Amino acid sequence: MSALPAGFYARTTVAVARELLGHRLVSTVGGRRCAVRIVETEAYVGPDDPACHAYAWHRSARNEVMYGRPGLLYVYFTYGMHWCANIVTERSGYPAAVLLRGGEPVEGVEVMRRRRRGVPDEEIASGPAKLAQALGITGALDGHSVTRPPLWVEAGEPVGPRRRAAARRVGVRRGATDRLRFYERGSRHVSRPRDSRG
DNA sequence: CTTGAGATGTTT
DNA sequence: AACATCTCAAGA
């Protein structure tokens with residue numbers, strides 16, 4: 001088990017969001033191992049980002065983990081039924097994170113099929129809440145370090161710059177024009193195949 | 001393939 | 001009232 005070191009996340013949020021593509025997110029939640037190859041992320045770059053939960057240094061019980069160490073998991077509950085998972089970036093005290101938006105199942109696919117009953121493999125983790133569900137991520141993991149079990153990132157084959165695409169973030173109004181969504185070109189495991197505008 | 005509505009609870 | 005979403009049903 002060679003987890004990426006916490007230092008990987010102690011860099012600019014955009015760099016982390018880009019370079020996370022291709023690495024593996026591994027889960028042993030519930031005792032069964034499964035993993036996805038990360039193919040889609042979004043950067044929430046901090047207090048100056050209107051779409052960020054910590055915009056203008058907003059701080060609350062929900063986003064407290066964003067103010068912690070890089071490499072911690074920030075899990076939040078949204079739309080009354082979905083969990084979404086981020087990895088905290090930058091330095092301690094500076095609230096920024098990368099949202100994990102899309103993954104390609106590469107290990108323990110049966111486990112994920114059970115959690116995502118009835119959906120084709122392309123849709124097992126093609127969206128932030130789908131990915132969280134597939135890997136068994138809930139609020140119980142809020143604040144967990146992604147350098148160790150039961151959820152961590154393992155080094156994989158990075159997706160090179162030519163095979164990466166940048167697009168507008170999904171589902172945000174403020175800060176909607178920024179191209180802070182990154183995904184692997186041509187992947188069938190991203191939440192949306194193309195950006196609706198530029 | 002596309003679009004639109006409803007589910008459902010927390011945060012502002 | 002909005003929300004970093006998803007699923008299903010209906011239509012083209």
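All chains are named by letter (A, B, ...) in the order of the sequence lines, taking the proteins before the strands, and each is independently numbered beginning at 1. Everything numeric here is computed off the predicted structure, so don't read it as measured data.
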Is it true that A/Tyr44 and A/His53 have ring centroids separated by less than 6.0 Å?
no
Are A/Thr13 and A/Glu90 close enough that a side-chain donor and a side-chain acceptor fall under 3.5 Å?
yes
Calculate the interatomic distance between A/His58 atom NE2 and B/dT11 atom C1'; express it in whole Å.
8 Å
Atom CZ of A/Arg179 to atom P of C/dA4: distance rounded to whole Å?
21 Å
Among A/His23, A/Glu184, A/Glu107, exactly one meets side chain to side chain donor-acceptor pair (under 3.5 Å) together with A/Arg37. Which residue is that?
A/Glu184
Whether A/Arg173 contacts C/dC3 is assessed here as follows: a side-chain N or O lying under 4.0 Å from the phosphate OP1 or OP2. Is that the case?
yes
Could you please name the partner base of B/dT11, counting Watson-Crick and G-U wobble pairs only when both distances are under 3.5 Å?
C/dA1
Expressed as a whole number of angstroms, how long is the span from A/Leu99:CG to C/dT5:C1'?
11 Å
Just compare C/dC6, B/dT11, B/dG9 and give me whichever is closest to any side-chain atom of A/Lys130.
C/dC6
Scan side-chain atoms only and decide if A/Ser191 and A/Glu40 contain a donor-acceptor pair under the 3.5 Å cut-off.
yes
Residue A/Arg116, side-chain atoms from C-beta onward, closest of C/dA4, C/dT7, C/dT5
C/dT7
With respect to the phosphate group of C/dA4, does any side-chain polar atom (N or O) of A/Arg181 fall under 4.0 Å of OP1 or OP2?
no
Under 4.0 Å between any heavy atoms, over every strand shown, what does A/Ala51 touch: base, sugar-phosphate, or nothing? Just pick one.
base
How long is the line joining CE of A/Met81 and P of C/dA4, in whole Å?
14 Å
Rounding to the closest angstrom, what is the interatomic distance between C/dA4 and B/dT3 at atom P?
22 Å
Atom pair CZ (A/Arg101) and CG (A/Leu20), whose distance is rounded to the nearest 0.5 Å
14.5 Å
Checking base pairs now: Watson-Crick or wobble, both atom distances under 3.5 Å. What partners C/dC8?
B/dG4
Output the rounded distance in Å from OH (A/Tyr55) to C1' (C/dC3).
17 Å
With the side chain of A/Val172 defined as its heavy atoms from C-beta on, choose the nearest nucleotide among C/dA4, C/dC3, B/dT10.
C/dA4
Spacing of A/Gln133 atom CD relative to B/dA7 atom P, expressed in whole Å
19 Å
Contact class for A/His53 vs. all strands (heavy atom < 4.0 Å): base, sugar-phosphate, or nothing?
base
Kindly indicate whether the side chain of A/Tyr79 and the base of B/dA7 share any N or O donor-acceptor pair separated by less than 3.5 Å?
no
Round to a whole Å and report the spacing from CD of A/Glu123 to P of C/dT7.
7 Å
Interatomic distance, A/Asn63 CG vs B/dT10 P [rounded to whole Å]
16 Å
